[in-house]
Each structure stands twice: as structure tokens, then as C-alpha cells.
Amino acid sequence: MPTPSGEIPKRKTLDELVAQYRDFGLTDTHNHDASGDAYWRMIGTWERDAVRRVVLFGDVSEPSAMDTDENAWNAYVQHPDLFIPYFSGIDLHDKSSLEHVRSMLERGYFGLGEIAGASSYSPMVSKVAWKANDPMDGYLPQIYELCAEYKVPILLHIDPPNGEPVSKLEQALDAYPNTIFIFGHINTYNSPENIDRLMGAHPNLYADFFAGFTDLSPDSGNTLKDFIPVMKKYSDRFLLSTDSGYGLQSEEAAVESMYRVIDLIDDPVVARRIAHDNFDAIIQAEPASKTQLEAIRKLNLTGDQAPDMSHLTKFEAGKILIDHSVDMSSG
């Protein structure tokens with residue numbers, strides 16, 4: 001938009017955006033860099049670009065994801081302030097997966113994802129071995145119940161973002177109102193109007209906004225500005241992500257697009273909410289698991305080191321166990 005003098009404002013550089021919003025605590029809520037341990041090459045970039053927290057996982061809904069789930073856990077143990085580990089190595093049509101989900105949540109994982117809830121067109125996800133046919137397929141309903149029990153979110157890949165997959169998602173949202181559903185990259189091949197309708201109808205639906213797609217992909221039919229009104233309308237349930245820069249020139253370009261969303265919001269309170277606070281609230285509401293509490297009790301901590309076990313969060317419990325080098329890998 002031209003200034004009063006008629007000049008078009010200069011586009012801010014990434015360095016300028018980082019300097020302006022460094023203290024907002026930017027969180028990338030959807031990142032695949034546990035695949036191939038790619039997170040190692042990004043740590044310096046995240047530090048330089050003031051990315052405070054990264055929700056880390058790897059492969060999606062296939063056997064190889066069980067290995068990348070472990071990579072995410074190892075990254076978390078090494079950098080517990082930076083990484084929040086999710087897991088996705090779940091055979092959604094095998095009943096034994098339910099015990100695996102419980103075991104991983106007891107161990108200390110913070111959420112499930114990215115889970116292939118439906119995929120017909122994604123070049124990668126449509127081919128994975130353990131994908132669901134729709135968001136109510138297989139053992140997903142029981143998994144939603146476990147998510148509610150542990151107060152953890154589930155990040156779902158759903159494509160196309162309309163038709164039967166979304167109808168089944170809405171069925172799940174209504175049937176499991178205490179479960180936090182995160183619609184992965186909700187803005188890809190989707191419109192602000194469709195998102196508005198879904199968010200308005202379902203208070204347990206959160207929107208994972210892959211800013212880089214809308215900002216930089218030639219496949220996007222929208223601009224970032226097109227989504228700002230709906231983001232402000234549901235500002236307590238929007239999250240930002242890079243999707244590890246999928247389809248873009250670089251992952252850092254996707255980080256830059258996240259900052260451009262913050263800049264366009266032009267409201268510090270709302271921008272902080274979407275950049276950091278919404279996801280932080282989800283994490284802070286997750287209680288410590290029984291397995292974590294048992295492991296902490298065995299430490300016999302006393303005095304100032306002894307935590308209040310009655311109100312301990314999963315995040316706090318994880319930090320205590322990591323600080324005391326407790327191995328939860330077989331927990």
C-alpha cells in the first residue's frame with residue numbers, strides 16, 4: 001500500500017523483521033527435521049532468526065517414522081528448551097498401536113504428528129503405508145480419546161482440505177470435543193472462507209498456518225494479507241509453522257514468511273499470541289505422566305530441588321528428568 005507521499009514502502013529484510021520481533025518467542029509448530037537428523041544443520045539458523053521453539057518430528061505415518069521419532073526424542077534430550085518432540089510412527093489399522101501411543105505419551109512426548117489423516121494428492125503422504133483413509137478411520141477414534149486423556153494435541157495431515165476428508169474431520173471434532181485437533185498446513189490449497197467456517201463451527205480445532213506456502217509458492221491462490229482477518233478472528237487458535245520449508249527454496253525462507261505474518265498482523269498482542277502464546281498454552285496444560293512422576297520420585301529430591309508433584313506439568317517433569325540424566329527411552 002502506498003504511503004501518504006505516494007511511495008511504496010520498502011519490503012523489510014529478514015534481519016529487520018528478526019530485530020523487530022526477536023522477543024516474540026517465535027515457535028515453529030510443524031517441523032520434519034528429525035528426518036535424517038536435519039535439525040543439526042538448522043540450529044544455528046534458528047538461533048540467528050530468534051526461533052525459540054520447534055515442534056520436531058520426522059517421517060509421517062510409516063515404519064521409518066519410528067526411527068525419526070527417536071531422533072526427535074534425542075534432539076529434545078540434547079536441547080530441551082528448543083525442541084518439543086512429537087511422534088508419528090503409528091500403524092493406524094493395528095490395535096497394538098494404542099498401547100504404543102500410551103507408552104510414548106507416558107515417556108514424555110508432547111503430541112502426535114504429523115499423522116496422515118487422509119491424503120489423495122500429496123506426492124509424499126498419499127503413498128505412506130500407515131495412512132488413514134479419513135480422520136475417523138482405523139484406530140484414530142481411540143487415539144483421539146488418548147489425546148484427550150493426556151491433554152496432548154494431534155496434528156493431522158488432511159488432503160484435499162474439503163469433501164469427505166473434511167466431513168470426517170468435522171465428525172471427529174464433534175465426537176471428541178476434549179481433544180485438541182491441529183489441522184496441518186490448513187492454508188495449503190484452501191481459502192480463508194473455508195477456514196473461517198471450520199474454525200467457527202469447532203472450538204477444539206487449531207489451525208497450523210504454513211506461511212511459506214501462501215507467501216512464496218506459485219501454487220498458492222492467496223496472499224498472506226488474505227488470511228489476516230480470519231487469523232485475527234480466531235487469534236487464540238492459530239499457530240505458525242515452516243513445514244521444514246517443503247516445496248520452497250529453503251527452510252529459512254519459510255521462517256521469514258512466518259515473520260511476515262507477524263508483521264502484517266500489526267497488533268503486538270495478537271501477534272505474540274499466534275507466534276508463541278497459543279502453542280505455549282497447550283504445552284503448559286499438559287500434566288506430567290505417571291511414568292514421569294514415578295521416575296522423579298525415585299530421584300528422592302529434597303529441599304529446593306523437590307518439585308510440587310501435585311501440579312507438575314509434562315514440560316517441567318521432562319526438564320527435571322533431563323537435568324538429572326534419567327534415561328526415559330525404555331520408560
Quiz: residues 112-124 side-chain donor-acceptor pairs under 3.5 angstrom, not counting sequence neighbours:
residue, atom, partner, partner atom, Å
E114, OE1, H30, NE2, 3.0
E114, OE1, H32, NE2, 2.9
E114, OE2, H157, ND1, 3.1
E114, OE2, H185, NE2, 3.1
S119, OG, S126, N, 3.1
S119, OG, D159, OD2, 2.6
S122, OG, M124, N, 3.3
S122, OG, V125, N, 3.0

Cluster check I154, L146: I/L/V/M/F/W/Y, side chain < 4.5 angstrom: yes
Sidechain N-carboxylate O distance under 4.0 Å for [X], [Y]:
{"X": "E149", "Y": "R102", "answer": "yes"}
{"X": "K12", "Y": "D263", "answer": "yes"}
{"X": "R107", "Y": "E70", "answer": "yes"}
{"X": "R48", "Y": "E252", "answer": "yes"}
{"X": "K131", "Y": "D137", "answer": "no"}
{"X": "E256", "Y": "R260", "answer": "yes"}

Check against side-chain hydrogen bond (donor to acceptor under 3.5 Å, both in side chains), D226 and T223: CA-CA 5 Å; D226 295 334; T223 67; 3.3 Å; yes
Verify whether one side chain among [X] and [Y] offers a donor that lies under 3.5 Å from an acceptor in the other.
{"X": "D208", "Y": "S241", "result": "yes"}
{"X": "S310", "Y": "D308", "result": "yes"}
{"X": "D196", "Y": "Y234", "result": "yes"}
{"X": "N31", "Y": "D28", "result": "yes"}
{"X": "N222", "Y": "S220", "result": "no"}
{"X": "D59", "Y": "S35", "result": "yes"}

Side-chain contact test, heavy atoms from C-beta onward, threshold under 4.5 Å: evaluate it for [X] versus [Y] and give yes or no.
{"X": "F209", "Y": "V261", "result": "yes"}
{"X": "L301", "Y": "H324", "result": "yes"}
{"X": "W73", "Y": "M328", "result": "yes"}
{"X": "F57", "Y": "F87", "result": "no"}
{"X": "L156", "Y": "I182", "result": "no"}
{"X": "F238", "Y": "T29", "result": "no"}
{"X": "P160", "Y": "P165", "result": "yes"}
{"X": "F279", "Y": "Q284", "result": "no"}

Worked check of salt bridge (Lys or Arg N to Asp or Glu O under 4.0 Å) between D236 and R273: CA-CA 7 Å; D236 59 335; R273 195 177 294 152; over 6 Å; no
Is the distance between the ring centroids of [Y] and [X] under 6.0 Å?
{"X": "Y86", "Y": "F110", "value": "no"}
{"X": "W46", "Y": "F83", "value": "yes"}
{"X": "Y206", "Y": "F183", "value": "no"}

For the student: nearest non-hydrogen atoms of [X] and [Y], plus distance:
{"X": "L155", "Y": "G184", "answer": "CD1-CA, 3.6 Å"}
{"X": "L248", "Y": "A254", "answer": "CD1-CB, 3.9 Å"}
{"X": "A34", "Y": "A72", "answer": "CB-N, 3.8 Å"}

The single option from D267, D23, D277, D280 passing side chain to side chain donor-acceptor pair (under 3.5 Å) against R272: D23
Neighbour count above 12 (heavy atom, 6.0 Å) for Q142 CD: yes
Heavy atoms of other groups near K151 NZ, more than 12 under 6.0 Å: no
Show me the donor-acceptor pairs, under 3.5 Å and distance only, between side chains in residues 167-176 and residues at least two apart or in other chains.
residue, atom, partner, partner atom, Å
S167, OG, G163, O, 3.2
E170, OE1, R197, NH1, 3.3
E170, OE1, H202, NE2, 2.6
E170, OE2, R197, NH1, 3.4
E170, OE2, R197, NH2, 2.9
D174, OD1, H202, ND1, 3.2

Donor-acceptor under 3.5 Å ([X] side chain, [Y] main chain):
{"X": "S97", "Y": "L92", "value": "no"}
{"X": "S244", "Y": "Y246", "value": "no"}
{"X": "N190", "Y": "I186", "value": "yes"}

Derivation and outcome, side-chain hydrogen bond (donor to acceptor under 3.5 Å, both in side chains), residues S96 and D94: CA-CA 5 Å; S96 67; D94 184 340; 2.9 Å; yes
Whether F210 and F213 hold their rings parallel, tilted or perpendicular, with breakpoints at 30° and 60°: tilted
Rounded distance (nearest 0.5 Å) linking atom OG1 of T27 with atom CG of N278: 10.0 Å
Full working for side-chain hydrogen bond (donor to acceptor under 3.5 Å, both in side chains) between Y150 and E106: CA-CA 9 Å; Y150 283 87; E106 282 288 330; 2.6 Å; yes
Cation-aromatic face contact R53/F315, 6.0 Å, 45 degrees: yes
